[in-house]
Undergrad: 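The structure under discussion is supplied below as structure tokens; questions concerning it will follow.
Model, not experiment: these values are computed from the prediction. In what follows, chains carry the letters A, B, and so on, assigned in the order in which the sequence lines appear, proteins first and then strands, with residues in each chain numbered from 1.
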Amino acid sequence: MIRFVLRRLAASLLLLYLVLTATFFLVHLAPGSPSMLLAGDQRLPVEQQENLKRIYGLDRPLPVQYARWLSATALGDWGTSFTYQRPVTSVVLDAVPATLLLAFAALLVEQAVGLVFGIMAARRPGSAADHLIRVISLLLFSQPAFWLALMAILLFSLVWPILPASHMYSVGAEDLGRGARFLDLLRHLVLPALVIGLTQAGSVIRYVRASVLDVLGQEYIRAARAKGISERRVVWVHALRNALPPLIQVMALSMGSLLSGILIAEVVFSWPGIGRLTFEAILSRDYPMVLATTAFGAVMTLLANLMADVLHALADPRVRHA
Amino acid sequence: MRPRSARPLFAVLLVLLLVAACKGNGEEGAGTTPTPTAAAGEPRRGGTVVIGWSAAATGVNELITQGTAITTELNRQLFSQLLEEQADFEEHPPTFKPLLARSYEWSPDHKALTFHLREDAVWSDGVPITADDVRFTWQAHVHPDVGWDSAVMKESITDVEVVNPKTVRFHFSKAYAKQVQDVNEGGILPKHTWGKLPFSKWRDNADWFREHLVVSGPFTIAAWDPQQQVVLARNPRYFRQDRPYLDKVVLRNIPDAASMMTQFLSAELDFVPQVQPSDMERIQSDPRLALIPYWFRTYVYVAWNHRNPLFADADVRRALTLAIDRQTIVDTMWPAGTGRVAVSPILQSVWAFDRSLGPLPYDPQESRRILESKGWKDSNGDGVLDKGGKPFSFVLLSNAGNQQRNDAAVMIQQQLKQVGIQAEPRVVEFNSLVNDATSGTFDALVFGMQMDTSLDLTSQFGSNHVEEGNFSAYKNPEFDRLMVEAMSKPDIRDAKPILDRIQQILHRDQPVTFLWESQRLSAINRRVHGARPNVLFSLFNLEDWWVDAAR
């Protein structure tokens with residue numbers, strides 16, 4: 001088992017290296033230069049541009065820059081952000097809690113909605129409820145997150161203003177007590193978490209439905225029913241438990257799309273997390289920042305995949321020896 | 001409180017999302033009569049004002065942070081300058097009011113400028129502000145490892161001499177027109193704290209400056225939430241003891257313009273420095289809200305690339321300008337007189353504008369005549385002029401995220417079609433537009449230029465500034481010579497005849513086609529009094545703002 005994990009870990013590291021190298025060359029070769037060298041509609045004098053390039057090492061040939069970046073990064077130095085003039089690691093670390101909170105909340109919504117509707121649909125395949133749920137899941141699945149986000153803001157912040165449309169806290173929240181501050185945070189969390197969670201839930205509903213349906217057709221379920229166990233118990237205990245392992249894998253594999261959903265939601269909802277940093281870093285060609293946030297996303301995705309592999313291997317010995 | 005109708009807002013939301021990249025949009029405006037918040041009663045102390053800003057402040061040290069508007073505004077509140085430049089340049093050059101310096105005097109040769117600092121000015125930790133701080137600030141300004149964006153403004157200052165703790169003398173290599181502007185640029189920095197970090201370490205330690213912050217201005221920082229908000233609180237040791245009136249100012253970062261409007265309309269925000277002309281109606285229909293319009297310092301133009309043979313001839317460029325109906329473009333884009341056709345790089349609200357000049361007329365017939373005299377004819381009958389088998393056809397670039405400029409490009413395409421010229425509008429990301437502009441790999445592009453108050457047009461049209469702002473690669477030795485001459489006058493008023501001549505040359509040569517200059521529209525809640533945003537700074541006199549009742 002340990003050998004299996006190590007092998008997977010090595011493969012993940014290699015993949016991470018390839019992703020970052022590709023990103024390095026993509027951002028450097030993208031047209032345009034870091035916006036610190038531009039001053040909007042005013043222009044920086046050429047000497048000043050050259051001086052800034054010197055300070056940030058951008059005056060070297062690209063292969064040299066790559067070699068320097070690679071060796072520094074290997075030693076844990078991700079460089080200084082062009083925008084924030086701070087080590088990118090500390091900028092990213094500042095933004096991680098906000099993103100993790102949002103990711104966790106969104107995952108909760110995604111799984112709760114996915115499980116409940118998926119099982120409801122699977123219990124009576126072909127019924128009106130099943131059809132309705134399948135239509136809903138298709139609708140959710142095909143909604144772009146940004147569109148749903150704008151609709152949510154329109155509905156719940158403008159037409160029916162009950163929830164805040166942006167930021168993590170209200171103005172003046174720093175003066176509130178701990179409990180009130182937490183409630184304020186929760187209110188701000190609702191819209192972005194719902195938007196990301198629901199767009200993700202569409203596919204989860206379909207997976208859960210298929211998986212549970214598959215299990216419900218098994219001999220042991222028939223045996224359980226024959227023993228007179230209540231239908232509710234058959235579905236929620238016997239069937240669900242057996243349907244879960246593949247679902248855990250699906251959940252882990254959805255990490256990538258969850259992260260891209262978060263990127264969009266953070267921009268639309270002014271949520272101070274990694275997604276917004278990434279977006280701004282790309283627009284302003286903040287190379288070290290783009291690389292660091294890409295690394296964060298890649299590591300999260302790879303870790304989730306690794307977890308999925310391990311869980312799957314634990315459950316199924318055939319995988320381990322493959 | 002919610003807006004009257006959600007439908008238009010929804011449309012705005014969508015459009016804004018599609019153009020999420022928001023660069024180079026510094027020329028929005030409005031055109032109602034100025035309705036600043038009426039003074040109601042006596043100013044009172046206390047209260048909080050919440051200000052919405054589309055960009056986030058990235059640090060408290062303006063020397064190492066990108067020179068964005070929010071950074072500059074924030075730094076003005078933290079660090080006082082020697083003098084305060086006034087926005088009173090409609091009739092004469094801008095005047096300067098004493099700030100940290102109570103007075104100044106020139107040497108007879110105009111190459112040394114001596115400042116006398118206020119005796120009562122102290123840093124927020126009680127340490128007096130001295131000539132040493134002024135000298136330290138200059139050293140930081142020009143140090144190559146600090147890499148300050150505006151370092152070039154200090155290039156003619158040879159030394160800053162500490163005469164005594166409250167007297168400091170600037171020495172110049174020459175006498176010239178913008179000496180005071182150059183000296184005054186940048187707030188004075190605290191040597192006794194920031195001097196502890198070597199200049200070579202400044203560029204990657206933005207946090208350090210925030211952790212070691214002492215200020216001289218009206219406000220200091222009470223809270224700093226990255227990408228969310230900056231909370232300013234009154235600096236109790238500010239030398240104007242009766243200012244600021246406000247206890248707190250919250251600078252809230254709201255990148256999405258539609259959310260910004262929503263929050264302003266629901267009175268969550270008290271002040272928005274810049275709103276779109278399309279928002280005018282909704283603001284004016286609400287009695288709690290007011291607009292403050294003022295002519296802004298950006299002009300928008302089409303840069304023709306003179307390296308391209310199509311645009312090398314001044315007469316052809318003149319024909320292009322004649323074929324573009326700029327008045328219609330302005331009327332479409334800037335309702336209610338919020339914009340006007342631009343004539344000269346020196347804006348019409350500036351004292352040095354040559355008032356004998358007017359915009360070239362819209363005259364497609366004359367345009368066709370000029371083009372024909374230059375050999376451009378539609379010989380194959382396809383509706384496009386050609387010469388030597390080559391059609392008059394080019395790509396017109398504008399940047400994504402700036403709807404006005406994109407719309408203008410499309411209107412220009414339609415208008416040029418009338419005279420047989422084929423322009424193909426293409427929208428590219430701002431970053432790559434600038435890349436094409438500075439490397440000269442484009443045909444024509446719509447761009448904006450932001451003017452400072454120095455009237456120095458060298459970076460926009462100087463032969464040696466092709467990579468900075470002279471994208472057209474306009475080369476005219478007469479312009480270069482006159483500009484140097486104008487800028488070498490110690491009193492810029494003496495340069496007025498030369499500046500007029502320069503404007504006439506540019507008018508004749510049409511290196512670019514000037515499209516429009518426009519007003520900027522600040523929006524304010526009427527509970528806030530005394531605000532005077534101006535073309536220099538939206539938060540120009542923040543220390544004088546006061547509110548009716550505490551939030």
Undergrad: For B/Ala206 versus A/Arg86, what's the shortest heavy-atom pair and its separation?
TA: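 Nearest heavy atoms, B/Ala206 then A/Arg86: CB-CG, 3.7 Å.
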
Undergrad: For a quick test of reading the model, state the closest non-hydrogen atom pair linking B/Asp204 to A/Thr80 and the distance between them.
TA: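 Looking at all heavy atoms of both residues, the shortest contact is CB-OG1, 3.1 Å.
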
Undergrad: Give me the atom names and distance for the closest heavy-atom approach of A/Gln48 to B/Gly147.
TA: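 It is NE2-O, 2.7 Å.
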
Undergrad: With a 4.5 angstrom heavy-atom cut-off, which part of B/Trp148 approaches chain A: side chain, backbone, both or neither?
TA: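 Backbone only.
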
Undergrad: Can you tell me which of A/Ala95, A/Ser170, A/Ala30 forms the most heavy-atom pairs within a distance under 4.5 Å of chain B?
TA: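 Ranked by contacts with chain B, first place is A/Ser170.
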
Undergrad: Going from OG1 on B/Thr438 to CD on A/Gln49, what distance comes out if it is rounded to the nearest 0.5 angstrom?
TA: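 It is 7.0 Å, given to the nearest 0.5 Å.
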
Undergrad: Answer yes or no: are there more than 12 heavy-atom neighbours, outside B/Phe199 itself, under 6.0 Å from its atom CZ?
TA: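 More than 12 heavy atoms, drawn from other residues, nucleotides or ligands, come within 6.0 Å of this atom.
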
Undergrad: Is atom CZ of A/Phe25 surrounded by more than 12 heavy atoms (other residues, nucleotides or ligands) closer than 6.0 Å?
TA: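 More than 12 heavy atoms, drawn from other residues, nucleotides or ligands, come within 6.0 Å of this atom.
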
Undergrad: Side chain, backbone, both or neither: which part of B/Val428 has a heavy atom under 4.5 Å from chain A?
TA: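 Interface part for B/Val428: neither.
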
Undergrad: Is any side-chain heavy atom of B/Pro255 closer than 4.5 Å to a side-chain heavy atom of A/Arg276?
TA: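 Side-chain contact under 4.5 Å: yes.
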
Undergrad: Could you check B/Gln263 against A/Ser166 for side-chain contact (heavy atoms from CB on, under 4.5 Å), going step by step and ending with a plain yes or no?
TA: CA-CA 10 Å; B/Gln263 295 182 40; A/Ser166 70; 3.1 Å; yes

Undergrad: Where do A/Pro272 and B/Pro226 come nearest, in terms of heavy atoms and distance?
TA: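 Between these two residues, the closest heavy atoms are CB-O, 3.8 Å.
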
Undergrad: Side chain, backbone, both or neither: which part of B/Asn253 has an atom under 4.5 Å from a heavy atom of chain A?
TA: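 The answer is both parts of B/Asn253.
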
Undergrad: Got a second to check how far B/Arg203's CZ is from A/Ser81's OG, nearest 0.5 Å?
TA: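 If we round to the nearest 0.5 Å, B/Arg203:CZ and A/Ser81:OG are 11.0 Å apart.
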
Undergrad: Looking at B/Asp145, B/Ile254, B/Val152, B/Val250, which makes the most heavy-atom pairs under 4.5 Å with chain A?
TA: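 Option with the top pair count is B/Asp145.
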
Undergrad: Sort A/Phe269 into side chain, backbone, both or neither according to what part of it lies under 4.5 angstrom from a heavy atom of chain B.
TA: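 A/Phe269 has no heavy atom closer than 4.5 Å to chain B.
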
Undergrad: Can you name the nearest heavy-atom pair linking A/Leu52 to B/Asp149, along with the distance?
TA: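 A/Leu52 and B/Asp149 have their closest heavy atoms at CD1-OD1, 4.1 Å.
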
Undergrad: So if I apply the side chain to side chain contact (heavy atoms under 4.5 Å, CB included) rule between A/His167 and each of B/Gln227, B/Arg252, B/Gln229, which one comes out positive?
TA: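 For A/His167, the side chain to side chain contact (heavy atoms under 4.5 Å, CB included) test succeeds with only one of B/Gln227, B/Arg252, B/Gln229, which is B/Arg252.
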
Undergrad: At what distance, to the nearest 0.5 angstrom, does CG of B/Asp207 lie from OH of A/Tyr84?
TA: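 Output value for this atom pair is 11.5 Å.
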
Undergrad: How long is the straight-line distance from CG of B/Asn431 back to CD1 of A/Ile282, given to the nearest 0.5 Å?
TA: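 Atom-to-atom, A/Ile282:CD1 and B/Asn431:CG are 12.0 Å apart.
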
Undergrad: Could you look at A/Ser90 and say if it's the side chain, the backbone, both or neither that has a heavy atom under 4.5 Å from chain B?
TA: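 Looking at A/Ser90, just its side chain touches chain B.
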
Undergrad: Please round to the nearest 0.5 Å and tell me the distance separating atom CD of A/Gln85 and atom CD1 of B/Ile64.
TA: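 If I round to the nearest 0.5 Å, the distance is 5.0 Å.
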
Undergrad: Working to the nearest 0.5 angstrom, can you tell me the gap between B/Met260 CE and A/Ser270 OG?
TA: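 So the CE of B/Met260 and the OG of A/Ser270 are separated by 9.5 Å.
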
